[in-house]
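Please read the structure below before turning to the comments.
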Amino acid sequence: ASGLPVQAVQRTLMSYGQMVTINAMLDAETAELLAAEHGIDLNIKTPESIEDTLIAEIEDMVDDPDQLSERPPVVTFLGHVDHGKTSLLDKIIGLDVVSGEAGGITQHIRAYIVDKGEKQIAFVDTPGHEAFTEMRARGANVTDIAVLIVAADDGIMPQTEEAISHAKAANVPIIVALNKMDVPGANPEKALQQLSQHGLLPAEWGGDVEVVKTSAITGEGVDTLLETILLTSEIHEYTANPSRNAVGVCLEAEQESDRGVLAKLIVNNGSLKVGDVVVCGSTYGRVKAMYDTLNPRKRLDVAPPSTPVNVTGFDEAPAAGEKFYVLEDIADAREIAEMRASRSREQHLGGHTVKVSFEDFQARLQSGNLAGDDAGIVYLNIILRADTRGSIEAIQKELDKLDHPEVKVRVMQATVGGVTVADVTLASASDAVIVAFNVIPDEAARSLADDRGVEVRRYNIIYKVTEDIKLLLEGQLRPES
Ligand code: GDP
């Protein structure tokens, strides 16, 4: 297309030591050299450019305020295992599936939209808070409101603590459902006390956290919970533009033998329609059919904002947490999907990951390469895991003494026990380093941390923790031996 004779081009390339055939692909660098030599203006179309333009355009799109309308809130249930997440959601949707599910375990992400009077509420039930945070790590912000389920007889348990950190890190309003109020051992006062100790001061004690007492068995408080969700939603005025092309997130997907790929998507903005061209991660397709998630036989033609739907038409199963976009042209969708697939293969081979470590933080701090808040304060995020409450308190006390004009140490979570997969997910979503005091990561956590480039720093002497952070702040931290 340059109008140059092929031989001339080949001669030049040979002078660079490259032997090429007529149809060979040139890398951008060679092409640039070549163009310079022959005095040609080159407009390199890198494979990124189509993704950059099309997807970035959608991401940057600002909705016309006149087209915005109220949308249902998307609510996620979080909490300690067995505190009643599944049962409460079942009660809300009027189903009784706890007894029917294999082993009573929630294996899949459930997502439903339910009517409450004139309004609607969408619920997304993730198997654990790591799934919730994993979505955030991929930039997919699905949740508007987190409902923290706490069994009134057990009170706050380790996973409740984790759930609180994850919800706080997501920066969404938290409503507490104090569940199992029907059991004889229920002790709501103690639970309220524990909640306030964890920075969730109940509204009835003058705080800003709504606590609703519920029972998934008797149904007590379930209606109040829904009303509280709608009230919170009203305050935050969640809006969307139903007349634009849809964007949203894949919650999960599977290859079904008869229907091909079935993907559970939730629409964040716009309306998804049958026939739409979609790209989601490294998969693409044209929406063939959409089904209601509560009633899988009910076909839908349009899914407005906040609606979860089961969708067929993808070429392959998209990954959970991957964002989807509606494009005009199926060829563009295919190109973006294929490009992403080959890039992720390369990254996998090349081991490209963004590192989160003390050293990396120090390097970025030195180069001034860290974004601060409005006041210019940069945060060093830490997830603290320790053997005992006492260690946590002692370390926190030491950390409080650290004083730096531009950097603040922010402890996102401080809990007793070994490092878990959920910690690593939270760390990678929040750019945090994990400090493990007298504890170790379990096998799964270790391998995920390796994968994500999340540093787990192990200590067994309290002052060493603060000493390292001090060195880091002074730019004097040495690599760990
Ligand atoms: P999840 O692990 O948080 O999803 O908890 P489940 O919903 O599976 O509930 C765990 C167990 O607690 C089940 O046996 C439920 O029947 C029971 N359960 C859940 N909510 C309540 C409640 O409000 N009252 C009583 N008595 N039992 C409940």
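This structure is a prediction, so every number in the text was calculated from the model and none was measured. Ligands are counted one by one from 1 in listed order, and the atoms in each one are counted from 1 as well. Note that these values count all heavy atoms, side chains included, but never hydrogens, waters or copies made by symmetry.
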Could you tell me which atoms of ligand 1, counted from 1 in the order shown, lie closer than 4.0 angstrom to a heavy atom of [X]?
X      : result
Asp82  : 1 (P), 2 (O), 3 (O), 5 (O), 10 (C), 12 (O)
Lys85  : 1 (P), 3 (O), 4 (O), 5 (O), 7 (O)
Val183 : 25 (C), 26 (N)
Val81  : 2 (O)
Asn179 : 20 (N), 21 (C), 23 (O)

Legend entry - Heteroatom distance test (Leu88, ligand 1): nitrogen or oxygen, under 3.5 angstrom: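 No, there is no polar N/O contact under 3.5 Å.
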So that I can tick it off, tell me whether [Y] and [X] are bridged by a salt bridge, with the cut-off set at under 4.0 angstrom between side-chain N and carboxylate O.
X      : Y      : answer
Glu322 : Arg340 : no
Arg446 : Asp450 : no
Arg385 : Glu162 : yes

Legend entry - Shortest reach to atom 11 (C) of ligand 1 by a heavy atom, considering only His83, Lys180, Glu220, Met181: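 Looking at heavy atoms only, the winner is Lys180.
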Legend entry - Shortest heavy-atom approach to atom 19 (C) of ligand 1 - which of Gly219, Ser215, Ser87: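 Comparing heavy atoms across Gly219, Ser215, Ser87, the nearest one to atom 19 (C) of ligand 1 lies in Ser87.
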Inset, instruction - Kindly say whether Ala146 contributes a backbone atom to a donor-acceptor pair with the side chain of Thr143 at under 3.5 angstrom? - result: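 The answer is no, because no donor-acceptor pair under 3.5 Å joins these two groups.
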Legend entry - N/O donor-acceptor pair under 3.5 Å between Glu455 side chain and Phe358 backbone: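 Judged by distance alone, yes, a pair lies under 3.5 Å.
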Inset, instruction - Answer with side chain, backbone, both or neither: which part of Ile217 has a heavy atom less than 4.0 angstrom from an atom of ligand 1? - result: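 Answer for Ile217: both.
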Inset, instruction - Would you please classify the geometry between the Tyr238 ring and the His236 ring as parallel, tilted or perpendicular, with 30° and 60° separating the classes? - result: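 Aromatic pair His236/Tyr238 classed parallel.
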Inset, instruction - Compare all side-chain heavy atoms of Val209 with those of Leu148 and state whether any distance is below 4.5 angstrom. - result: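 Contact flag for Val209/Leu148 side chains = no.
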